[in-house]
Amino acid sequence: MQREIPKAYEPQEIEKRWAQAWFVEKLFRADPKAPGPVFSIALPPPNITGSIHIGHMLEHTQIDILVRWRRMSGFQTLWLPGMDHAGIGAQFVVERQLAEEGLTRQQLGREEFERRVWQWREQSGDTIKRQMIRLGTSCDWTRERFTLEPALYRAVLEAFLRLYREGLIYRGRYMVNWCPRCQTAISDLEVQHVERAGKLWYIRYPVAGSKEHIVVATTRPETMLGDTAVAVHPDDERYQHLAGKKVLLPLVNREIPIIADDFVDREFGTGAVKVTPAHDPNDFEMGRRHHLPEIDVMTNDARMSEAAGKYAGLDRYAAREKIVEDLAALGLLDRVTDHTHATGVCDRCKSEIEPRVSVQWFCKMKPLAEEAARVVRDKLIPIVPENWEGVYLDWMERIHDWCISRQLWWGHRIPIWHCADCGAMTPARDSRVELVNGRAQAASGPEQCGACGGSKLAQDTDVLDTWFSSGLWPFSTLGWPDNTEDLRTYYPTSLLISGYDILFFWDARMIMMGLHLVERVKIEERIPFHRLYLHAIVRDPHGLKMSKTRGNVVDPLEIAEKHGTDALRFTLAVMAAPGTDIALSEERILSYRAFANKIWNAARFLFFNLEKIEAAGVTLEELAAPDIRAAAPYQHKGEMALTDRWIFSRLAAVRDVISDALEHFRFHEAAHVIYHFFWGDFCDWYIEWVKPRLGAADREAAAATWRNLFSVFEAALRLLHPFMPFLTEDLWHKLPQRAGAKSIAFEPFPGPQPARRDADAERQMALLQEIVVAARNLRAELKLDPKKKIAAEFAASDGGVRKLVEANLDFVLPLATLSELKVSADRFDSSGGATRSSAQFDLRIAYGDAIDVKAEVARLRKETDRLAKDLESKRTRLADDTFRSRAPAEVVRTLETTMAERQAEYQKLRDRLAQLERAAGSTA
RNA sequence: AGGCCCGUAGCUCAGUUGGUUAGAGCGCUACCUUGACACGGUAGAGGUCUGGGGUUCGAGUCCCCACGGGCCUACCA
């Protein structure tokens with residue numbers, strides 16, 4: 001039988017085929033009744049604002065690695081996918097599209113606009129789903145959710161109504177961040193602070209009934225039109241005499257009081273500050289303390305309002321210029337200085353936000369934050385990397401109420417009705433949802449005002465912050481508020497993996513909401529996830545954040561097409577050290593594409609030789625390991641060859657490291673270890689080692705070798721599968737012994753095999769490898785024809801070492817391209833050939849006439865210098881009594897042993913060096 | 001203003017509890033197209049871990065300071 005596969009691994013066709021098959025066969029559908037411990041995870045729902053980017057890819061890769069690993073390890077897993085309606089984000093995208101058609105959402109009207117966003121959702125959602133399927137994410141598509149679908153609106157209603165009844169959600173007129181472009185309030189988190197070079201204008205306010213002025217400093221002169229006081233520090237002697245007086249507000253000619261408030265910083269500016277309660281958060285607080293009027297001098301789009309008098313209609317920046325001009329003309333502009341300060345801009349559209357007083361809905365945070373802080377402080381939800389716990393707790397500590405209402409059209413409508421007669425608010429009676437024209441609405445809206453019984457009711461026009469529904473995601477997606485089987489089985493989820501950039505936006509809110517809303521007694525059953533892993537941000541090769549405007553974004557789909565999804569996944573995994581951002585470069589991806597090719601070709605070698613295998617009398621069925629989980633080796637005459645003992649020992653070790661690394665989100669370590677096991681141990685050594693034995697005359701020995709080769713290979717494939725699902729799936733199906741297999745995704749991950757660890761085998765193998773390397777080294781130095789087999793001499797005083805070498809000549813000779821190796825007991829002196837020495841052996845190849853004495857002398861000098869330095873430091877250490885008395889005995893002992901070995905080696909090298917120098921001297 | 005992270009080979013980065021000669025990938029040098037693989041093989045060169053101080057028998061690893069870079073939180077106009 002012959003099984004040919006192409007020489008180079010071409011992932012494109014293979015990946016597409018398997019991605020499609022996995023999806024169509026619903027391979028990763030979760031079954032709550034399945035046996036085994038549960039591993040559940042909710043996908044952070046991508047926003048429907050376009051397509052998958054590299055950040056998603058990293059996140060999905062990490063989740064997929066863990067999910068596949070757990071699944072193979074016997075867990076019954078659920079990975080629940082879905083998408084987020086992304087209120088402000090999606091609305092922003094669609095508005096931009098409308099703008100290209102010369103339209104505004106106001107022109108379309110609310111219903112038509114919503115229809116347009118739904119269209120967009122279909123398109124964008126499809127793209128994302130298609131991409132995720134193509135990238136092989138092993139989630140359960142039968143459970144896909146969308147935050148704005150009826151079932152999830154129901155959860156939103158339930159959450160809102162409960163919090164409302166408990167008084168945790170309230171409505172009121174407060175200072176909020178207003179985005180004049182988006183025309184909505186946004187939360188504190190959606191405001192970015194940017195340092196900007198600005199000015200500080202010093203303005204004279206005439207004191208009423210006197211010739212005196214009081215000078216105030218401001219960065220925003222245009223807001224002076226809304227000033228309702230001037231404040232000074234109560235203890236500021238400069239202003240004591242003005243207490244209780246009034247100033248005449250310039251340009252407006254309104255009399256406003258001078259008030260004393262210890263908020264005022266005496267050091268800043270003039271120590272007197274204008275107070276604009278409607279346009280500054282501090283002034284707002286101060287205004288409430290002193291019962292000052294709040295005069296909003298702006299409109300929704302940040303133009304000056306009617307209250308601004310003659311400036312009405314001007315844009316806020318134009319008004320600023322005009323006002324400064326007018327003040328200067330009146331001689332009231334004292335001076336202007338440069339002043340850099342932080343300005344808030346809208347996270348979405350980068351417009352400067354306007355602090356404004358308006359009527360909004362808020363959620364009280366303090367009561368929710370207490371328990372949310374506790375579960376992290378008490379390690380009920382450990383956060384990895386750990387330093388984020390401090391950041392999280394700090395934020396919880398000084399949390400502010402959350403403005404949850406948005407003046408948007410895309411989102412969950414607030415389930416409150418306002419009475420036209422008395423103004424009272426009546427909530428929906430319950431959280432039932434009905435579909436009207438395909439859109440989910442509260443089914444139990446009130447027919448009468450709860451206060452006056454009036455029937456002129458209108459639902460609140462605001463929608464909820466998109467993060468309100470995201471905050472319910474881990475349980476709303478499982479059927480909450482119903483007590484479904486999914487909720488009982490999969491909640492709390494096992495883990496949340498998210499970017500650290502949404503720790504407050506999302507992760508923290510899920511914790512608060514889960515703890516408060518899920519109806520369970522024990523706190524550890526109410527948390528939304530048992531652990532929280534915050535992954536890094538993917539950056540460009542120069543460490544810059546990827547952004548469309550910079551033009552440095554990489555499209556994961558494009559890379560996947562070009563180099564293969566597996567190569568990209570492996571790159572992301574191997575670079576994903578916790579807490580470190582990833583600088584992604586194409587060269588790096590190439591090297592892991594090469595790795596995929598290496599695996600492919602190792603398989604090719606195995607398949608290539610099936611004829612020989614059958615000639616050795618092994619049936620294909622017999623190639624399968626007798627116990628797949630243990631990846632048990634075959635024995636020949638009750639014994640195992642050293643190579644086999646060694647590779648199975650390595651396999652057991654590597655398997656442990658990988659499991660432990662994945663347990664702790666050390667993806668880079670796991671990937672690194674499997675890479676070097678496969679390429680180094682398996683390909684470079686094991687395969688090369690067994691090659692000569694495969695066609696051995698002893699058919700049984702050959703058979704055992706073959707079986708073990710296949711056994712290790714298939715175990716390696718299973719270790720690799722979480723990282724490279726496509727390649728390993730494809731090769732699994734090509735394995736002759738696994739004909740008819742369903743999917744490697746459901747084969748067992750190699751289990752712990754402590755009994756296979758074999759320190760002797762590893763030590764012996766290390767020595768043999770050292771000998772081979774020494775021989776190659778000599779060959780290179782003597783510039784021997786690489787193909788020419790040559791005789792060498794070997795000396796070791798230890799009989800065990802000699803026996804080991806003699807027993808493994810069939811391995812050593814071909815790998816070192818030697819014709820023979822003469823073994824003797826007497827260590828060589830330094831003459832008669834090119835020599836490599838270690839503490840345990842000497843290896844010598846006769847010179848011929850080819851040696852480059854100068855090069856050899858240089859090498860030896862360098863080597864002896866290094867050793868001399870090393871020995872010196874060791875000698876000092878050992879001579880130090882404090883070291884001997886305080887360091888652990890084991891450390892001292894080890895040092896003594898290595899010291900002795902090094903000393904012997906050093907002596908050898910010195911002798912050789914001296915001898916060569918003499919020889920060189922005599923010929924010169 | 002407060003906090004966090006980073007500064008290790010030419011480049012991009014690893015280096016969990018402090019303990020032999022500090023690693024990887026790419027790049028570089030020399031040789032090799034050997035029936036798995038040139039997306040390959042073999043052998044090499046190349047860092048004293050930003051600087052200074054401290055703790056310790058022992059520090060890239062812990063502490064302090066400085067310099068350089070990044071990020072987050074913040075109601076000082």
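Order of the sequence lines fixes the chain letters, A, B, ..., with proteins taken first and strands second; residue numbering starts at 1 for each chain.
- Between A:Glu770 and A:Arg836 there is no salt bridge, since none of the side-chain N atoms of the basic residue sits less than 4.0 Å from a carboxylate O of the acidic one.
- Distance, A:Trp395 CH2 to B:rA74 C1': 14 Å, rounded to whole Å.
- Going from the C1' atom of B:rU50 to that of B:rA9 covers 15 Å, rounded to whole Å.
- Distance from the side chain of A:Thr219 is smallest to B:rA77 among B:rC72, B:rA77, B:rU20.
- Between A:Glu863 and A:Arg866 a salt bridge is recorded (basic side-chain N to carboxylate O distance below 4.0 Å).
- In this structure, A:Glu195 atom CD and B:rC76 atom C1' are separated by 13 Å, rounded to whole Å.
- One can place CZ of A:Arg893 at 14 Å from C1' of B:rU20, the figure rounded to the nearest angstrom.
- In this entry the distance linking CZ of A:Arg877 with P of B:rG58 reads 8 Å, nearest Å.
- Spacing between B:rU21 and B:rC49 at atom P, rounded to whole Å, works out to 15 Å.
- Using C1' as the reference atom, B:rG60 and B:rU56 are 16 Å apart when rounded to the nearest Å.
- With the 3.5 Å cutoff on both pairing distances, Watson-Crick and G-U pairs in RNA chain B assemble into runs of at least 3 at B:1-7 with B:67-73, B:10-13 with B:23-26, B:28-32 with B:40-44, B:50-54 with B:62-66.
- The backbone N or O of A:Leu58 lies less than 3.5 Å from no partner atom in the side chain of A:Arg569, so there is not a single donor-acceptor pair.
- Between A:Phe595 and A:Trp679, the ring planes are parallel. Angles under 30° get that label, and only those over 60° would be called perpendicular.
- Distances shown here put a side-chain N or O of A:His668 below 4.0 Å from the OP1 or OP2 atom of B:rG15.
- Residue A:Ile589 contributes atom CD1, which lies 22 Å from atom P of B:rA24 at whole-angstrom precision.
- Here A:Arg866 lies in heavy-atom contact (under 4.0 Å) with a base.
- Electrostatic pairing of A:Lys734 and A:Asp730 counts as a salt bridge here, judged by a charged N lying under 4.0 Å from a carboxylate O.
- Across B:rC26 and B:rC63, the matching C1' atoms stand 36 Å from one another, rounded to whole Å.
- At a threshold of 4.0 angstrom between heavy atoms, the contacts of A:Arg902 include nucleobase atoms, whether or not backbone atoms are also involved.
- Place A:Ala217 and A:Tyr500 on RNA chain B by their nearest nucleotides, and A:Tyr500 ends up nearer the 5' end.
- Straight-line distance between the P atoms of B:rG47 and B:rC64: roughly 32 Å, to the nearest whole Å.
- Looking at every heavy atom in both residues, A:Ala231 comes nearest to A:Val264 through CB-CG2, 3.8 Å.
- Following rounding to the nearest Å, A:Tyr205 (OH) and B:rA77 (C1') show an atom-to-atom distance of 11 Å.
- Note on A:Asp265: a base of the nucleic acid sits closer than 4.0 angstrom, heavy atoms only.
- Minimum atom distance to the side chain of A:Thr218 is reached by B:rA77, of the listed B:rG19, B:rU21, B:rA77.
- Nucleotides B:rG69 and B:rU12 are separated by 16 Å at their P atoms, to the nearest Å.
- Mapping A:Gly271 and A:Val772 onto RNA chain B by nearest heavy atom places A:Val772 closer to the 5' end of the strand.
- A salt bridge is absent between A:Arg861 and A:Asp865; no separation between the charged side-chain nitrogens and carboxylate oxygens falls under 4.0 Å.
- Across every non-hydrogen atom of A:Ala671 and A:Phe570, the tightest pair is O-CZ, 3.3 Å.
- Among the protein residues, A:Arg884 comes within range of no part of the nucleic acid, since none of its heavy atoms lies under 4.0 Å from any strand.
- The nearest whole Å value for the distance from the CH2 atom in A:Trp201 to the C1' atom in B:rA77 is 13 Å.
- Put simply, the side chain of A:Phe504 reaches to within 4.5 Å of the side chain of A:Val391, judged on heavy atoms.
- Looking at heavy-atom distances under 4.0 Å, A:His664 makes no contact with the nucleic acid at all.
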If the sugar-phosphate is the primed atoms plus P, OP1 and OP2 and the base is the rest, what is the B/S/- string for nucleotides 32-42 of chain B, using protein heavy atoms under 4.0 Å? SS-SBBSBSSS
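- Other residues, nucleotides and ligands place no more than 12 heavy atoms under 6.0 Å from the NZ atom of A:Lys562.
- Between the C1' atoms of B:rA22 and B:rU8, the separation comes to 8 Å (whole Å).
- Separation of the C1' atoms belonging to B:rA77 and B:rU17 is 50 Å when rounded to the nearest angstrom.
- Picking from B:rG19, B:rA77, B:rA24 the nucleotide with the shortest atom distance to the side chain of A:Pro888 gives B:rG19.
- Set against B:rA77, B:rG25, B:rU21, the side chain of A:Arg588 has B:rG25 as its closest nucleotide.
- Note on A:Val273: a base of the nucleic acid sits closer than 4.0 angstrom, heavy atoms only.
- A salt bridge links A:Arg875 with A:Glu872: the distance from a Lys NZ or Arg NE/NH1/NH2 to an Asp or Glu carboxylate oxygen falls below 4.0 Å.
- The backbone N or O of A:Thr817 lies less than 3.5 Å from a partner atom in the side chain of A:Arg779, making a donor-acceptor pair.
- Nearest nucleotide to the side chain of A:Phe883, out of B:rG19, B:rU12, B:rU21: B:rG19.
- Between A:Ile399 atom CD1 and B:rA74 atom P there is a gap of 10 Å when expressed in whole angstrom units.
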